[in-house]
Amino acid sequence: MDAILKASLPKLREKLLEALQAVLPIVAIVLVLCFTIAPVSPSILLCFLLGAVLIVVGIMFFTLGAEMSMTPMGERVGAVLTRSRKLPVILGVGFLLGFLITISEPDLQVLANQVPSIPNQTLIFSVAAGVGLFLTVAFLRMLLGVALQMGILLLCGWVGAERAQQDLLVCMITYTLLFSLTVTSFFSMPVTRYLADMLYEEREDAILPSFWGSSVLMLLIGCILYGIFLLFSGATLLQGLLCLWLFAEMILNWNGMSYLTAIKDYRGILCSFLAAIALSFGLGYLLVFILGAPVLEGMLFSITMGYGLMMVWDVVLLYRYFPQSDDSPWTFLRWVDRFLPLAFTGLCTNLGLFSHLVLYWSGPIGVQVKGLFYGAPYYDVPALIAFLSILITSINFVVSVEVNFYPKYRDYYSLFNDGGVVGDIVTAEEEMLAVLNRELRFTALKQLFCTAGVISLAGTLLNLLPLGFNDLMHGYFRTLCVGYGLYAVGNTVLLILLYFTDYLGAVLAAAVFAASTTAFTLLSLLFNTAFYGFGFLAGAALFYLVALFRLDAFTANLPYRVLGQQPIVAETKEHLFTRLGIFLEKQDAKNSKADHQEGKSIT
């Protein structure tokens, strides 16, 4: 008996980690909500925590027992079925197993009692038949999946693609993407504020020059820094030039999207994106599979051309919306000085989102692909897919929060500008804050349900994709889903702070997000790899709490914030970026004068 217990201890520890990974993310998000927007009594909270502990213990022993007894039985039955090579037998046994297992499921019995309008047996047998049918389809999917994998292997063998080449291609695109997003994140918010002010003042002729001025500045800074990295990265000359070309196109694309988003041309953005994807895949197929070009260089060139099409598309749209003019392209730099907290808000938010990825590349699960190109496939793939779970909050902010909150916000501030009476201002403030609280509550609940649904379905859906998901990757995915969900709600609160022009509070929350995510991720490197991702989750939770508490404190005395914190005399901030803009404007004037004189001398 002692020998059996000693042999089971490592397995028991492993199952405990798996149970903690499954339960702790949900516990964390429920606790955050209980202490913020959905408070509960201490007795209910204690019952919840006790139940969470019992669930962890139950899952631990259940999975251990299933692995020691049921899994070997299933493997042997499966081996016998596949050796029979009889498809009707495989499908028939699969249907029968799914049918019988579902009938014996206790949860289904409870569900049947909760639906009085349908007879219990009818509901149970209908669900059991459905599970059996889809289990049969799953057997067919596995057979087709094997054939698909064989086809991909044959295709890669025909073109000579190696796993190392595929990993290097992914790393190069990822590094180029992160570098471009980091550079543009510093300028995107001040540029967007400049664009909004110009549209409000009906100075559309100043917009196109600012696009080219901001693009040139970001290209100059970014290409120098990324070029230095590529020089020592271990990439070949052709690979480095293609990466630098792709980087320049991404800079123009991300900057152009800021302008197109401000004028709400989402259709144009979507069409350019789809056209870029179509050209990338079509040209890649032509170069690599038909003309026999090198896999890495051919696919990288195809992606570069796709982003090039997207860049041209976006620029054409900008020229369609805004007139050309001879205005200075450097005026926007004054807005960078005036709204410098916005620049650091964008930068810190970007660092908080990506720092955990970069740190894990250099950790135990990271692999050196080539030179300075590192990656962590077991972590990167779950992170990318988990990030998509916040799409509902991004859409909700545009179609719900802005639509319902902005009219109340506009009415409230118009009373200050148009000389409204105190009673009307107080009433407008109460209505605005009531709508804001309702929308934030609904946003958090929608993201909670979305996160819980994604986590619940992930075990089935992710296994359908040819991504090689294992238990460790599933654990990362669940943890990161909760982390990204908290980030999404926190980012919504941060955007509301920007509505109220609380730039100090916004940059404080973003700085806490960047610093805490980085610090907690570094701390998690000291623990078992199963706990990777909890650093980002903790940083996202802290970001959400800081942003929420700041918004609560700011709106607690809103009239004072609106009236008492405004400067008595208008301030003109002339710092680094303003002086840079003045210098560049003088250089442009000198060049224009020299060109004019040269033209006169020629004539």
Side-chain angles (χ1 to χ4, degrees), residues 179-201 203 206-207 209-222 224-225 251 254-255 257-259 261-262 327-355 490-518 543 546-547 550-551 553-554 561-562 564-586:
F179 265 100
S180 64
L181 287 174
T182 302
V183 172
T184 54
S185 65
F186 184 82
F187 291 98
S188 61
M189 283 191 175
V191 167
T192 303
R193 176 57 193 256
Y194 172 81
L195 175 61
D197 288 346
M198 294 301 102
L199 290 174
Y200 178 77
E201 297 173 9
R203 293 179 53 194
I207 290 176
S210 71
F211 169 73
W212 290 115
S214 57
S215 297
V216 167
L217 191 61
M218 287 186 279
L219 284 172
L220 182 64
I221 297 172
I224 291 175
L225 296 176
I251 290 287
W254 307 149
N255 196 28
M257 281 186 184
S258 297
Y259 284 74
T261 303
D327 284 11
S328 171
W330 314 113
T331 309
F332 79 95
L333 288 171
R334 293 177 171 84
W335 266 251
V336 179
D337 271 338
R338 288 173 58 186
F339 302 101
L340 196 59
L342 286 179
F344 285 106
T345 299
L347 180 62
C348 290
T349 304
N350 192 76
L351 293 176
L353 274 176
F354 299 130
S355 63
N491 191 58
T492 300
V493 178
L494 183 141
L495 293 175
I496 297 299
L497 288 174
L498 295 179
Y499 259 104
F500 289 120
T501 64
D502 182 18
Y503 300 140
L504 179 61
V507 74
L508 172 65
V512 167
F513 180 44
S516 60
T517 300
T518 303
F543 169 57
V546 170
R550 175 67 184 188
L551 179 63
F554 190 88
R561 304 283 185 180
V562 175
Q565 292 190 342
Q566 302 300 322
I568 298 176
V569 180
E571 299 177 354
T572 302
K573 297 182 179 180
E574 292 190 3
H575 300 303
L576 175 64
F577 290 100
T578 301
R579 291 194 290 268
L580 176 62
I582 294 172
F583 171 76
L584 292 173
E585 287 172 353
K586 290 180 178 179

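All values below come from the heavy atoms of this structure, side chains included, with hydrogens, waters and symmetry mates left out. Please read all numbers here as calculations on a predicted model, not as lab measurements.
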Peer 1: If I compare all heavy atoms of Thr349 with all of Ala510, which pair ends up nearest, and what's the gap?
Peer 2: OG1-CB, 3.6 Å
Peer 1: Return the CG to CH2 distance between Leu580 and Trp330, rounded to the nearest 0.5 Å.
Peer 2: 8.0 Å
Peer 1: Taking all heavy atoms of Val512 and all of Val546, pick out the closest pair and write down the distance.
Peer 2: CG1-CG2, 3.9 Å
Peer 1: Could you measure the distance from the CG atom of Asn255 to the OG1 atom of Thr192? Nearest 0.5 Å is fine.
Peer 2: 8.5 Å
Peer 1: Are the side chains of Asp337 and Leu333 in contact, using a 4.5 Å heavy-atom criterion?
Peer 2: no
Peer 1: What pair of heavy atoms forms the shortest contact from Ala206 to Met198, and how long is it?
Peer 2: CB-SD, 4.0 Å
Peer 1: Between Cys348 and Ala514, what is the shortest heavy-atom contact and its length?
Peer 2: O-CB, 3.4 Å
Peer 1: Output the distance between atom CG (Leu497) and atom CG (Asn491), rounded to the nearest 0.5 Å.
Peer 2: 10.5 Å
Peer 1: Does some side-chain heavy atom of Arg338 sit less than 4.5 Å from a side-chain heavy atom of Thr578?
Peer 2: no
Peer 1: Nearest 0.5 Å please: distance from the CG atom of Leu347 over to the CZ atom of Phe187.
Peer 2: 10.0 Å
Peer 1: So how far is it from Ser214 OG to Leu219 CG, rounded to the nearest 0.5 Å?
Peer 2: 9.5 Å
Peer 1: Does the pair Thr184 and Val191 meet the rule for a side chain to side chain contact (heavy atoms under 4.5 Å, CB included), with working shown?
Peer 2: CA-CA 10 Å; Thr184 54; Val191 167; over 6 Å; no
Peer 1: Would you check if Leu340 and Val507 make a side-chain contact, meaning some heavy-atom pair closer than 4.5 Å?
Peer 2: no
Peer 1: Under 3.5 Å, side chain of Ser215 to main-chain N/O of Trp212, donor-acceptor pair present?
Peer 2: no
Peer 1: Less than 4.5 Å apart, side chain to side chain, heavy atoms only: is that true for Thr517 and Phe543?
Peer 2: no
Peer 1: Take Leu195 and Tyr259 through the side chain to side chain contact (heavy atoms under 4.5 Å, CB included) test and state the conclusion after the steps.
Peer 2: CA-CA 7 Å; Leu195 175 61; Tyr259 284 74; 3.9 Å; yes
Peer 1: Which pair of heavy atoms, one from Met189 and one from Gly346, lies closest together, and at what distance?
Peer 2: SD-N, 4.0 Å
Peer 1: Judged by modelled atom types alone, do Ser355 and Thr518 share a side-chain donor-acceptor pair under 3.5 Å?
Peer 2: yes
Peer 1: Could you check if a side-chain atom of Leu181 sits within less than 4.5 angstrom of a side-chain atom of Phe354, using non-hydrogen atoms only?
Peer 2: yes
Peer 1: Distance only, no hydrogens: is a donor on one side chain within 3.5 Å (strictly under) of an acceptor on the other, for Thr331 and Tyr194?
Peer 2: no
Peer 1: Which atom pair, heavy atoms only, marks the closest approach of Ser516 to Phe513?
Peer 2: OG-O, 3.4 Å
Peer 1: I need the Trp254 CH2 to Ser188 OG distance, nearest 0.5 Å.
Peer 2: 12.5 Å
